[in-house]
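Beneath this line is the structure, given in structure tokens, with notes to follow.
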Amino acid sequence: MSTLKMKEAALVYLDRGGGLQKFINDCKYYNDSKQSYAVYRFNVLINPSDVVELDAELGNHILHQPLKAAQIFQSVCFIAVKTLSLIGQLQTETQINIVLKLTHLPPLPSYSLDFCEFPLDYTSQRFYMLQGIVIAMTTVTKYTQGARFLCSDEACPLSKGFQYIRVHVPGATESATVRNDFLCNMCSSSLQEDRKFRVLGDKQIVEIITAKALRAFQGYSNNQPFRFQSLTIFLRDESVNKMNIGNEYKIIGIPTCVTTSQTSVCIEANNITFCNPRVPSGICDNFRCLLSLTSSSCWKFAAILANIFASQIVPPGTYNLLKLCLLMSLVQTSDRNKELEDCLDILIITSDTLLVDRLLNFSINLVPRGIRHPVSTEIFPTLSRNTYGTGAVSIQAGSALLAKDGICFIGDLASHKKDKLEQLQSVMESRSITVYIPGKKFGDDIDQQMTFPVQCSFWSFVDMDSSSRRNMQKTNTLIGQMDCSLIPANLVEAFGLLINCNESSPCHPFLPTVQHTLKKAIDPEELLYVASKQFTTEDFEKLLAFAKNLNVEFSLEAERIIHGYYLASRRIRTDSVCGSKLSASALKYLVSLSEAHARLSLRNKVIKEDALIAALLFETSLTLKYGATVFCVAPNAVFPFELYNEEYLEQRDIYLTQCQQQLLQFIATYGPGTTIFTSDE
């Protein structure tokens with residue numbers, strides 16, 4: 001009686017929710033094909049909340065005994081087919097394969113599977129919800145959805161018809177569905193598969209890790225030992241190719257234990273949902289107050305942020321140019337569906353690699369996808385054989401794809417081989433990576449290739465005091481030009497910003513850094529400055545999370561300045577022999593720099609002041625690469641004074657206003673056909 005009641009509830013649910021009409025339409029497709037199938041597969045969309053409200057027992061079966069619940073819907077659908085004469089070829093109930101697709105699970109802890117906690121429950125054969133980031137995936141292969149078997153004894157009544165039907169169930173291996181040791185229930189003769197009735201489906205295997213495990217790739221440790229393990233997800237049929245490497249997903253599925261060369265826990269995926277990142281509600285009160293106090297200037301807020309940023313690593317007022325560029329790169333790691341051109345790659349030339357390394361490592365921890373590339377692994381995807389014996393090729397993510405919408409800090413360029421640097425240059429220029437899969441090597445007839453978008457910014461540095469560099473100094477460098485002879489010229493060009501960080505220069509006073517380092521060595525947790533107490537690391541995390549999700553648009557004035565500067569700079573850096581020294585991506589970087597400064601200043605519109613900062617930073621980078629030109633920009637143009645108090649901020653504003661006039665004059669003189677209007681005009 002209980003089963004009959006649940007069947008009635010299942011029919012009512014299908015009728016009310018439109019599932020019955022969808023089932024009838026699916027049956028019409030099978031019936032019109034005039035082909036006899038061994039298995040007829042139907043997806044039934046289930047809203048657990050609606051089912052529980054209609055019939056609690058049926059809802060309980062769906063949530064905790066999904067295989068039995070599928071049998072109930074199978075029986076209901078078979079009766080519907082026979083009653084309404086929907087499929088003329090259908091003979092037995094076992095030919096109907098019902099797949100229950102859940103829309104969601106109750107938001108209760110018992111339905112959430114956290115694979116950082118052990119032991120994992122993989123014996124209950126019920127639905128769980130888990131969340132993770134894709135780190136590897138295989139190519140698509142085939143599996144057996146269903147098969148027809150016949151008794152080998154021709155005298156047996158079961159040597160005909162569709163009495164022996166095998167269908168795939170969650171957690172079953174290929175051998176559980178199709179093998180040669182099945183026996184007839186009537187005469188005990190062996191069963192043989194009727195191969196012309198075998199139904200194949202698509203299968204893909206994906207590996208995910210929890211977002212908590214990313215701290216292993218961020219180069220930061222709080223002295224707490226931890227371990228993480230990837231979890232294998234089986235995608236079948238309509239779920240195939242629904243997941244991309246580097247993305248985070250919520251997955252509803254049934255945990256199972258799979259034994260191959262090793263025993264491991266896997267998830268048979270039932271429903272997949274892309275995880276949209278949370279958009280922060282705002283910034284802390286201290287930053288809000290600071291923004292209000294600096295509202296009279298378009299440059300002060302971002303300057304103060306750079307001045308006090310990372311005071312745990314370097315004293316305030318040091319490395320301001322580098323810190324401003326890092327902050328601008330961080331706010332361009334947008335979580336929204338952004339353009340690939342938003343990325344801001346940074347290459348730093350320094351003689352203090354230890355301090356720069358610490359500063360960059362600190363910075364990548366402020367965004368969810370800040371990845372420090374381990375030297376022992378690969379930056380870009382690699383191929384390996386799948387461990388589950390499916391014959392598929394497994395594509396491992398690599399640091400760049402794992403850093404999607406974030407930063408990939410690849411360390412010292414000198415630690416990478418020539419072929420890897422060439423690959424890095426190609427990726428930075430195209431913002432994509434193509435993986436070639438040789439068919440012969442992996443047991444396939446044809447070669448394949450897969451292309452992945454690379455949606456991260458790259459950070460790296462070069463040690464200017466390395467022994468190889470000291471022995472190969474160029475003598476014919478131009479005014480303002482840095483010796484980058486050990487780095488391939490095309491790779492230097494691929495980085496949007498080239499920054500010179502020399503701690504012995506006036507911009508980087510040496511003594512405060514030494515004092516800071518000594519004090520931190522004595523007490524690493526001590527907050528040495530007032531700024532460290534007023535603006536904590538968590539405050540900067542919230543600020544960056546808020547700023548990078550701001551939607552900005554260009555004002556007409558800023559757009560004219562950016563285009564005018566680009567045309568003028570391209571004109572004066574062009575010669576008859578080598579052509580233009582500005583690459584096609586130069587305009588892209590100028591736009592990205594302008595947007596970044598606007599976001600960092602918490603503005604929704606890019607104005608002329610943002611365009612000026614972009615032009616100064618880009619011109620400084622060009623000077624380091626190629627030497628100075630008629631638009632001569634000082635190395636410390638963005639921070640001409642040490643920011644001790646309000647007076648120095650005012651002096652900086654006056655200086656930048658003068659730079660703006662020089663920029664407009666430069667555009668008017670060398671920008672062909674460019675017209676720049678003043679605010680009054």
Side-chain angles (χ1 to χ4, degrees), residues 282-283 286-309 317 320-321 323-332 342 344 497 535 540 543-544 546-566 589-620 631 633-634 636-667 676-681:
I283 59 177
N286 285 342
F287 275 131
R288 193 175 290 109
C289 180
L290 179 63
L291 183 63
S292 176
L293 292 173
T294 58
S295 59
S296 61
S297 168
C298 299
W299 293 306
K300 287 181 181 178
F301 183 73
I304 294 175
L305 291 183
N307 191 66
I308 63 177
F309 178 61
N320 280 355
L321 178 62
K323 291 189 292 184
L324 176 66
C325 293
L326 294 180
L327 287 170
M328 291 170 65
S329 182
L330 289 170
V331 297
Q332 288 298 90
D342 284 351
L344 266 183
L497 283 179
F535 305 99
F540 268 99
L543 174 75
L544 292 171
F546 178 78
K548 69 183 182 180
N549 283 288
L550 289 174
N551 291 316
V552 297
E553 59 181 17
F554 266 81
S555 66
L556 183 59
E557 197 172 18
E559 190 173 334
R560 283 173 171 168
I561 289 176
I562 289 298
H563 281 275
Y565 167 73
Y566 169 74
Y589 281 118
L590 284 166
V591 171
S592 188
L593 284 167
S594 303
E595 291 179 345
H597 191 266
R599 287 196 176 100
L600 191 60
S601 303
L602 305 184
R603 284 192 293 270
N604 293 104
K605 178 166 284 190
V606 179
I607 57 179
K608 62 179 181 179
E609 287 79 4
D610 301 313
L612 172 68
I613 296 296
L616 292 178
L617 290 174
F618 196 73
E619 186 65 28
T620 302
F631 182 47
V633 172
N636 60 339
V638 178
F639 288 97
F641 310 104
E642 296 180 18
L643 306 182
Y644 291 121
N645 53 37
E646 179 69 19
E647 180 183 351
Y648 287 92
L649 284 171
E650 292 293 341
Q651 291 181 9
R652 178 177 181 266
D653 278 10
I654 295 172
Y655 178 84
L656 290 177
T657 303
Q658 294 171 352
C659 289
Q660 195 164 45
Q661 294 303 318
Q662 294 173 9
L663 175 60
L664 295 177
Q665 184 61 45
F666 171 69
I667 294 171
I676 303 295
F677 298 102
T678 64
S679 299
D680 294 338
E681 292 172 322

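Bear in mind the structure is a predicted one, so any value in this text is a computation, not a measurement.
A distance of 9.5 Å separates CG of Leu600 from CG of Asp610, quoted to the nearest 0.5 Å. Atom CZ in Arg599 sits 13.5 Å away from atom CG in Leu543 (nearest 0.5 Å). Here Phe301 contributes atom CZ and Leu291 contributes atom CG; the two are 5.0 Å apart, rounded to the nearest 0.5 Å. To the nearest 0.5 angstrom, His597 atom NE2 is 8.0 Å from Leu617 atom CG. We find the CG-CG distance between Leu602 and Leu550 to be 6.5 Å, quoted to the nearest 0.5 Å. Separating the CD1 atom in Ile561 from the CG atom in Leu556 is a distance of 10.0 Å, to the nearest 0.5 Å.
In this structure, Ala614 and Ile562 approach most closely via the heavy-atom pair CB-CD1, 4.3 Å. Phe554 and Val591 make their closest contact through CE1-CG1, 3.6 Å (heavy atoms, listed as atom of the first residue, atom of the second, distance). Across all non-hydrogen atoms, the minimal contact from Ala637 to Val633 is CB-CG1, 3.5 Å. In this structure, Phe546 and Gly282 approach most closely via the heavy-atom pair CD1-CA, 3.8 Å. The shortest heavy-atom contact between Val331 and Met328 is CG2-O, 3.2 Å. What you find for Lys605 and Ala598 is that their closest heavy atoms are O-CB, 4.0 Å.
Arg652 has its side chain out of reach of Lys300: every pair of non-hydrogen atoms, C-beta onward, lies at least 4.5 Å apart. Contact check for Leu649 versus Thr294: no side-chain heavy atoms found under the 4.5 Å cut-off. Side-chain atoms of Leu327 and Leu544, non-hydrogen and from C-beta on, do get closer than 4.5 Å to each other. Put simply, the side chain of Thr657 reaches to within 4.5 Å of the side chain of Trp299, judged on heavy atoms. Using a 4.5 Å heavy-atom cutoff, the side chains of Leu497 and Leu593 are in contact. Side-chain contact between Leu612 and Lys608: absent, with no pair of heavy atoms (C-beta onward) separated by less than 4.5 Å.
No donor-acceptor distance shorter than 3.5 angstrom exists from the side chain of Ser601 to the backbone of Ala302, with no hydrogens or angles considered. The closest donor-acceptor contact from the side chain of Ser329 to the backbone of Cys325 lies at 3.5 Å or more, if one exists at all. In this structure a side-chain-to-backbone donor-acceptor pair under 3.5 Å is present from Asn604 to Asn551.
When ring centroids are compared, Phe535 and Phe287 come within the 6.0 Å threshold. If you look at Phe540 and Phe309, their ring centroids are closer than 6.0 Å.
Partners of Ser297 according to the side-chain hydrogen bond (donor to acceptor under 3.5 Å, both in side chains) rule, which considers only residues two or more places apart in sequence or in another chain, are Asp653.
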